[in-house]
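For clarity, every value in this text was computed on a predicted model and none was experimentally measured.
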Amino acid sequence: MKQGILNWTRRGVLGAGTALGLAMSLGLAGQAGAQTPPGVLIVGQIAEPKALDPAAVTAVNDFRILMNVYDGLVRYKSGTLEVEPALAESWEISEDGTTYTFKLREGVSFHDGSAFDAEAVKFNFDRMLKEDHPYHDTGPFPLAFFFSSVEEVTVVDPLTVEFQLNAPYAPFLSNLAYPTGLIVSPSAVEEYGADYGRHPSGTGPFTFAEWDSNTHVILNANADYWDGAPELETVVFRPITDANTRTAEMLAGGIDLMVEVPPVALSEFEGDDFSVVEQAGPHVWFLILNAKEGPFAEKAVRQAANYAVNKTALVENVLEGTADVAAGPTPPAFAWAYNESLEPYPYDPEKAKELLAEAGMEAPEVTFYVTEGGSGMLDPVAMGTAIQADLEAVGFDVTIETYEWNTFLGEVNPGLEGKADMAEMAWMTNDPDTLPYLALRTDAWPDKGGFNSGYYSNPEVDELLEKARVSTSQEERASLYQEMQAIVQEDAPWVFVANWKQNAVTSSAVEDFALEPSFFLLLKDVVKN
C-alpha cells in the first residue's frame with residue numbers, strides 16, 4: 001500500500017471519524033460532500049472484532065474481515081453454498097466416507113513469507129483439536145466442534161494431506177469452507193502465541209496492516225495472491241456500533257460500504273448516489289429460553305412466550321419487511337432440509353394466557369438479555385422492547401438488561417443459569433447440521449463446550465442429529481432434519497422470530513460488489529473509483 005494512503009486512512013477517516021474531519025483531511029472542506037480516495041474501500045462494521053484468528057472467533061462480524069485475509073482448503077462458489085477448490089486443488093473421498101485426501105496448491109506462501117504446505121494444514125487442525133499440541137493454549141477454539149469427527153491429520157507428502165474421520169460426516173467439506181477452517185501461518189502463531197489474533201497472517205487476497213482498537217482494521221492488497229491480485233489497494237474496516245451513526249456516516253460519504261442497514265434507514269439510500277444490495281441466506285433470529293430453571297423450565301410457559309410475541313408485527317413494523325416470520329430452528333434457505341409443513345406459532349395472546357394459567361404461573365418474572373447490536377441481530381433494542389411489551393401484555397414481568405455485543409456474548413455463551421431467563425440471538429450458518437448440533441443437543445450445553453445456552457435437552461433430538469450428520473444420503477438427512485424441526489418447534493426451547501434477508505449499501509463509486517448467501521464479505525473483485 002502506498003504510504004500516502006496509509007497516512008490518509010490513519011489521519012483522516014480514522015482519526016477524525018466525522019464527515020467534516022474527512023473533508024479537512026482530503027482538502028475538501030467547503031465542497032458539498034467528502035469523497036474517500038479511489039482504490040481505498042472504507043467499510044462500516046457493526047462492531048469491533050474480537051480477534052483476527054479464525055479458529056478463535058464465532059461472529060460473522062469478525063468473519064467478514066477474516067475471509068479477505070485467509071483462505072481455506074475449499075471455499076463456497078460465488079453466489080452459492082456449494083464447495084469448490086481453494087488452497088486444495090482437488091480431493092478424494094474414500095468409499096466409506098471416512099478418509100479425505102487433499103492435493104494442495106503449489107507455490108503458495110503466507111503473508112509472512114513462510115510456505116503453505118501439508119505441514120501447515122496439519123498444524124492448524126492439530127492446534128484446534130489436540131489438547132497436547134504445543135499451541136493449543138493459544139485458543140480457546142469455540143467452533144472446534146465443526147471438526148470433532150477428525151481423528152487424525154496426516155502429511156502424506158509436502159503437497160498431500162489426509163484427514164481420517166471417526167465416522168462418515170456429511171457436513172465436513174462445507175465446514176472446511178467456513179471461517180473456522182481458514183488456514184493460519186504456523187510461523188506467525190509460533191512467533192506471537194496467544195497474541196496471534198492481533199497479528200494475523202494468512203494466504204488471502206489482502207494482508208494485515210494495522211488494528212487500532214475501536215477505530216479501524218486496515219488491510220492492504222496482496223499483489224502476489226495466487227488467485228490474482230485484488231482490484232482495491234486498501235480496505236479499512238471501521239467499527240461503528242450505533243446503527244444511526246453508521247447510517248449518517250454512509251450518507252455523509254465517510255464510508256463506502258455499510259452492512260446490515262437498519263430497515264428504517266433503507267429509504268434514505270434511494271437514488272443514484274447509492275446502491276442497496278440484498279441477498280437471502282440461512283439466518284434465524286430467536287430468543288434463547290432458559291429451560292433449566294425459572295419459568296421457562298416448563299414447556300407450556302415456553303409455548304406461551306411463542307404465542308405471546310407478535311412476530312408478524314416485528315417483521316412488518318420494526319424490520320420494515322426485510323425478514324420473514326420464522327417457523328422453527330432451521331432457516332428455509334436450506335430448502336432441501338426445511339420442513340415446509342411447519343407453520344409459525346400464531347400471535348394468540350389469549351392462548352398464551354391460558355397456558356400460563358395451566359402452568360400455575362402468575363406474573364412470572366423474567367430477566368431478558370438484549371444486545372445493542374451484533375452479527376445478524378437486525379434491530380435488537382427495538383425488537384427487545386417490542387417483545388417485552390408483548391410478553392407483559394399476557395402476564396410476564398420482564399426486566400431488560402442491555403449489553404454491548406462482545407460483552408453480551410461473554411454473558412450468553414457460557415450459559416444463562418443463575419443470570420437470565422431469556423436472551424436474544426441470531427445465527428447465520430453453512431449447513432442444516434450446524435445450528436442445531438451446536439445449540440440444541442444435550443452434549444452442546446456450555447459446560448461441554450457448546451452453545452446450548454438455554455440447556456434444552458431431548459434425547460430424541462440428540463439421536464436425530466447424530467444420525468443426520470453421519471448419513472451419506474441427502475434424502476435421509478433431509479427426513480431426519482425435518483423430524484427434528486417438528487419436535488423442537490413443539491418443545492419451544494426458543495421463541496422462533498425471524499429469517500432475515502441480508503442487505504448492504506454501497507456508494508456509487510463502488511462496483512462489482514455482491515452479497516453472498518454465506519453472509520461473508522468477499523472484496524477481492526470489488527472496484528472503487
Side-chain angles (χ1 to χ4, degrees), residues 1-2 39 52-55 63 65-78 82-93 99-128 135 147 150 152-163 172-192 196 199-209 218-235 512 518 520-527:
M1 178 176 68
K2 295 176 182 175
L52 298 180
D53 178 351
F63 296 164
I65 302 175
L66 299 177
M67 294 300 291
N68 296 286
V69 177
Y70 298 94
D71 297 302
L73 295 176
V74 297
R75 65 189 178 191
Y76 299 125
K77 185 187 294 185
S78 180
E82 298 172 24
V83 169
E84 69 175 10
L87 289 175
E89 290 184 317
S90 64
W91 57 89
E92 294 179 359
I93 307 171
T99 305
Y100 287 69
T101 305
F102 294 89
K103 288 291 183 184
L104 305 182
R105 200 170 294 278
E106 192 172 1
V108 177
S109 295
F110 290 102
H111 300 150
D112 59 13
S114 60
F116 164 76
D117 56 16
E119 289 285 359
V121 175
K122 178 175 172 60
F123 177 99
N124 271 258
F125 289 91
D126 286 357
R127 171 187 173 229
M128 259 195 293
Y135 294 95
F147 304 109
V150 175
E152 193 61 50
V153 182
T154 303
V155 174
V156 178
D157 62 47
L159 292 177
T160 309
V161 64
E162 182 180 280
F163 288 76
F172 183 59
L173 285 173
S174 180
N175 285 359
L176 284 175
Y178 204 67
T180 313
L182 295 171
I183 304 297
V184 310
S185 162
S187 296
V189 174
E190 289 165 2
E191 180 176 355
Y192 294 107
Y196 170 76
H199 304 275
S201 178
T203 61
F206 293 91
T207 66
F208 172 73
I218 301 176
L219 308 181
N220 301 334
N222 177 7
D224 299 321
Y225 184 49
W226 61 266
D227 200 21
E231 298 289 337
L232 296 164
E233 291 184 57
T234 302
V235 181
D512 299 332
S518 61
F520 308 145
L521 282 185
L522 305 181
L523 302 176
K524 173 186 170 289
D525 297 323
V526 172
V527 175

Chemist: Under 4.0 Å between a side-chain nitrogen and a carboxylate oxygen: does that hold for Asp227 and Arg105?
Modeler: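 Looking at Arg105 together with Asp227, the answer is no, because their closest N to O distance does not fall below 4.0 Å.
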
Chemist: Begin from the C-alpha positions of Leu176 and Phe147 and carry the test side chain to side chain contact (heavy atoms under 4.5 Å, CB included) through to its verdict.
Modeler: CA-CA 8 Å; Leu176 284 175; Phe147 304 109; 3.6 Å; yes

Chemist: Quick one: closest heavy-atom pair of Tyr196 and Ala188, and the distance?
Modeler: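 Looking at all heavy atoms of both residues, the closest pair is CE1-CB, 3.5 Å.
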
Chemist: If I compare all heavy atoms of Trp226 with all of Ala86, which pair ends up nearest, and what's the gap?
Modeler: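 Taking every non-hydrogen atom into account, CH2-O, 3.8 Å.
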
Chemist: Listed by chain and number, what are the side chain to side chain donor-acceptor pair (under 3.5 Å) partners of Trp91, not counting sequence neighbours?
Modeler: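 Applying side chain to side chain donor-acceptor pair (under 3.5 Å) to Trp91 gives none.
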
Chemist: Might you point out which heavy atoms bring Phe110 and Ala115 nearest each other, and give the distance in Å?
Modeler: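 The pair with the smallest heavy-atom distance is CE1-O, 3.5 Å.
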
Chemist: Can you pull the side chain to side chain donor-acceptor pair (under 3.5 Å) pairs that have at least one residue in residues 173-182, sequence neighbours excluded?
Modeler: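 Only Tyr76-Ser174, Tyr169-Asn175, Ser174-Asn430, Asn175-Asn430 qualify under side chain to side chain donor-acceptor pair (under 3.5 Å).
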
Chemist: Should Leu87 and Val121 count as side-chain neighbours, where that means a heavy-atom distance under 4.5 Å?
Modeler: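 Contact flag for Leu87/Val121 side chains = no.
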
Chemist: Would you call Asn68 and Phe520 a side-chain contact if the rule is heavy atoms closer than 4.5 Å?
Modeler: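 Answer no - side chains too far apart.
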
Chemist: Using a 4.5 Å cut-off on heavy atoms from C-beta on, say whether the side chain of Ile65 contacts that of Leu52.
Modeler: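 With C-beta onward as the side chain, the pair touches.
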
Chemist: To the nearest 0.5 Å, tell me how far Glu233 CD sits from Phe206 CZ.
Modeler: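 Between Glu233 CD and Phe206 CZ, I get 10.5 Å after rounding to 0.5 Å.
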
Chemist: What distance separates Ile183 CD1 from Leu73 CG, expressed to the nearest 0.5 Å?
Modeler: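 Output value for this atom pair is 4.5 Å.
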
Chemist: Extract all donor-acceptor atom pairs below 3.5 Å that involve side chains of residues 154-163 and protein atoms in other chains or at least two apart in sequence.
Modeler:
from: Asp157; atom 1: OD1; to: Leu159; atom 2: N; distance (Å): 2.9
from: Asp157; atom 1: OD1; to: Thr160; atom 2: N; distance (Å): 2.9
from: Asp157; atom 1: OD1; to: Thr160; atom 2: OG1; distance (Å): 2.9
from: Asp157; atom 1: OD2; to: Thr160; atom 2: OG1; distance (Å): 3.1
from: Thr160; atom 1: OG1; to: Lys103; atom 2: NZ; distance (Å): 2.9

Chemist: If you take all heavy atoms of Phe102 and Ala88, which pair is closest and at what distance?
Modeler: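 The answer is CD2-CB, 3.7 Å.
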
Chemist: Using side-chain heavy atoms (C-beta onward) and a distance below 4.5 Å, is Pro54 in contact with Val184?
Modeler: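 Heavy-atom side-chain distance check passes, below 4.5 Å.
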
Chemist: What I'd like to find out is whether the side chain of Asp71 reaches to under 4.5 Å of the side chain of Phe116, using heavy atoms alone.
Modeler: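 They are not in contact (no side-chain heavy atoms under 4.5 Å apart), so the answer is no.
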
Chemist: Quick check: do Glu231 and Asp512 have side-chain heavy atoms less than 4.5 Å from each other?
Modeler: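 Counting from C-beta outward, Glu231 and Asp512 never come under 4.5 Å.
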
Chemist: Please find the pair of heavy atoms, one from Leu104 and one from Glu89, that lie closest to each other, and give the distance.
Modeler: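 For Leu104 versus Glu89, the nearest heavy atoms are O-OE1, 4.0 Å.
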
Chemist: More than 12 heavy atoms of other residues, nucleotides or ligands under 6.0 Å from CD of Glu106: yes or no?
Modeler: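 Not buried by this count: 12 neighbours or fewer within 6.0 Å.
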
Chemist: Apply side chain to side chain contact (heavy atoms under 4.5 Å, CB included) to His199 and list each qualifying residue two or more places apart in sequence or on a separate chain.
Modeler: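 Checked His199 against side chain to side chain contact (heavy atoms under 4.5 Å, CB included); matches are Tyr192, Asp195.
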
Chemist: Under 3.5 Å, is there a donor on one side chain and an acceptor on the other for Ser187 and Asp112?
Modeler: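 There is no such pair between these side chains.
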
Chemist: Mind running side chain to side chain contact (heavy atoms under 4.5 Å, CB included) on Val235 and Val526 for me, showing each step along the way?
Modeler: CA-CA 10 Å; Val235 181; Val526 172; over 6 Å; no

Chemist: For a 4.5 angstrom cut-off between non-hydrogen side-chain atoms, does Val153 reach Tyr100?
Modeler: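 Not touching, per the 4.5 Å side-chain cut-off.
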
Chemist: How would you list, by chain and number, every residue that makes a side chain to side chain contact (heavy atoms under 4.5 Å, CB included) with Glu84, sequence neighbours excluded?
Modeler: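 Checked Glu84 against side chain to side chain contact (heavy atoms under 4.5 Å, CB included); matches are Arg75, Lys77.
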
Chemist: Kindly compute the distance separating CG (Leu521) from CG (Leu66), expressed to the nearest 0.5 Å.
Modeler: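 Between atom CG of Leu521 and atom CG of Leu66 there are 11.5 Å.
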
Chemist: Can you tell me how far the CG atom of Leu523 sits from the CG atom of Leu219, to the nearest 0.5 Å?
Modeler: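 If we round to the nearest 0.5 Å, Leu523:CG and Leu219:CG are 8.5 Å apart.
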
Chemist: Do Phe172 and Val83 come close enough that some side-chain heavy atom pair is under 4.5 Å?
Modeler: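 Phe172 vs Val83: side chains apart.
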
Chemist: Using side chain to side chain contact (heavy atoms under 4.5 Å, CB included) as the criterion, list what pairs up with Asn222, not counting sequence neighbours.
Modeler: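 Asn222 satisfies side chain to side chain contact (heavy atoms under 4.5 Å, CB included) with His111, Thr207, Asp224, Tyr225 only.
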
Chemist: First locate atom CD of Glu119, then atom OG of Ser114, and finally report the distance between them rounded to the nearest 0.5 Å.
Modeler: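 Rounded to the nearest 0.5 Å, the CD-OG separation comes out at 12.5 Å.
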
